[in-house]
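In what follows, a structure is listed as structure tokens, so that the remarks can point back to it.
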Amino acid sequence: MFDSNWYLGMKENLSSTQRILYKLILLLTSLPVLFSLPLDVIDIDSAQYAEIAREMATTGDFFTLVDNGRRYLDKPIFTFWATASSFKLFGINNIAFRLPAVFISLLSAYSIFQISLLIWGKERQAYLTSIFYLIAPGFFAMVVDPKIDVYLTAFLVFTYHFYYLGRKANPNYYYMMYLMMSLGFITKGPISVVIPAISIGGDILFRRDWALLRSMKLPTGLIVLFSFPAFWCVLLYKGFNSYGPTFFLWIQSFGRFYKDIYDIKFDPFYFYKSFLWAFFSGVLPLIVYISFHTYQYIRFIGWRELFRKVKNNEYRQMDFVVPFWVFLFLFLISFSRYPLPQYTYWVLPGAALFFGKILEESLFGSVVKRMRPSFLVAGLVYLAGFFILPSFVAEAGVLYYLFGVLGLILILLLAQRIPLEILVTVIGAVVFFSSICLFYYPILTGYQPSKEMGKLIRELEPNEPILYLFGISNSKRSFSFYSERYIRNLYDRGKLETLWSKKPERLVVLPSDKMDLLLEMAGPGYEIVPVLEKDSYKVATPGKDFINKETRPRAISKISLIWLKKTKGKS
């Protein structure tokens, strides 16, 4: 039977004026994500995924992954389905590449709002949860440079949304929960099942709620869950024999804990450190709250009483899904030998849900008021960064500073209606992340010449299927994406001679300081005609020398687009 108590509580939580204000703030926090839509695709991963999707859309084969003309195994198929479909609808461009990631991310913010209502029934808390999810640096990072994790994180959110709908409203929603896990499975692999199993399963085991487990339609739900993975395994088997499904189901996922190919380093604190910056907007009050309340609770009841309560299942009326999602998973993933910061993104929705509860209790409830200054720290850092960074990175115009001043004015205008701790953090994050999209990111991608060169390549060699590189890694898929063709590296004189005998002049991209080396490899009878030279830098990982405008000239190199021509005197 549908439980309406949470909905009635939600209706009583905010006035119509307050509801409008929180909706406006929620819309405001969406601006940086929307500003990211036209931004260039950068190497390495995003450009590679864009290129795979481009090849899928171009060939019309939506069941085979091809990367630069070769079969691709490393990631499952859903991300490429989404992006290729967008390319089909809107053409091959930056906006079409980013649109599915932006859409599914904003949709997940709506689901987080609904999850908060389903658990706690407080409308203001639900708004705060979604708002602080949207201004988490980790959320911004995964949307501004969209990879597989954008889609996996959204499917995890949808999984929990339908789980709570199944508990609170109608058990048939569990089928949608299994479907979301299934789609997540063909997005990133078994992790889409592992995380809900740890949190939802852990909660059921901890509270021994076997009635809930029986209500979750496991037998038929598992059929739904494994439908898409089974379909993908069949396709993988056809392309890679048994190694394809084995890689998908085991090596690429659980293999990160034991396989030598993933043994980069082991740092048990890596993911905790990553979480500190990924949830920077709320991490300090989160730490203060948990530390204070844990200490007070243990001090009040003692360890022996705590274990007695657990043994006697006296916490059976509580819900541990969200804390298990965040803290238990962070603990378990810390044993991975292949640490990447984006793994932390998978727990950000749970952290936002937990933080929304803390905000509600601290700013509108009975929690000790001495916590309140900790909510201001992140916002002040954002605002300070906004106004200070131009002096180090690049000169900013009047419009840049005017944007920041408008943010400060907005804080003053709303301070009587919204707590200052919320306003400073939200407005600070919005102006800071917006400045990255509108100002800093274009500066960064100005040192990735592939877009400008790609457009010129399409004009100068309109029907050529391959672009040749010399002295540049094939991992630079942005050249392939923007020139809309495969890329191949020149490294053999005989191969070059064969190619140029069929067509005496071809475009080549190479570092400017390697032109003499190219002519030496080609041998006599070739000449170079420069077309375009651009500054270049590995923009995905900018270092201090590059960020600092004073030392940047020392950090950049030159990339050239040239014609390599075979002269008539060559036999």
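Please read these numbers as outputs of a predicted model, since none were measured by experiment. Index from 1, following the sequence.
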Please evaluate residues Gln48 and Asp67 with respect to the criterion side chain to side chain donor-acceptor pair (under 3.5 Å), reporting the C-alpha separation (whole Å), side-chain torsions for both, the decisive distance (0.1 Å), and the verdict.
CA-CA 7 Å; Gln48 182 184 32; Asp67 177 24; 2.8 Å; yes
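Put simply, the side chain of Ser108 gets close to the backbone of Ser105: a donor and an acceptor are under 3.5 Å apart. A donor-acceptor pair is defined here as one N or O able to donate and one able to accept, closer than 3.5 Å; such a pair exists between the side chain of Asn489 and the backbone of Ile472. Looking only at distances, a side-chain donor or acceptor of Tyr482 sits under 3.5 Å from a matching main-chain atom of Val41. Between the side chain of Arg477 and the backbone N or O of Ser46 there is no donor-acceptor pair closer than 3.5 Å. Listed for the Gln448 side chain is a donor-acceptor partner under 3.5 Å among the backbone atoms of Asp43. At distances below 3.5 Å, not a single donor-acceptor pair connects side-chain atoms of Thr83 with backbone N or O atoms of Ala53.
Ring geometry for Tyr537 against Phe546 counts as parallel: the plane angle stays under 30°, on a 0 to 90° scale with 60° as the upper cut.
Looking at Ile186 and Trp81, their side chains come closer than 4.5 Å, going by heavy atoms from C-beta outward. Looking at heavy atoms from C-beta onward, Leu507 lies in side-chain contact with Val531 at the 4.5 angstrom threshold. Between Arg485 and Pro465, every side-chain heavy-atom pair lies at or beyond the 4.5 Å cut-off.
Aromatic ring centroids of Phe280 and Tyr382 lie under 6.0 Å apart. Separation of the Phe155 and Phe185 ring centroids does not fall under the 6.0 Å cut-off. Aromatic ring centres of Tyr400 and Phe439 lie closer together than 6.0 Å. Tyr49 has its ring centre less than 6.0 Å from the ring centre of Phe80.
Every residue two or more places apart in sequence or in another chain that forms a side-chain hydrogen bond (donor to acceptor under 3.5 Å, both in side chains) with Arg506 is listed here: Glu464.
Using a cutoff of 4.0 Å between basic side-chain nitrogens and carboxylate oxygens, Asp535 and Lys558 are scored as salt-bridged.
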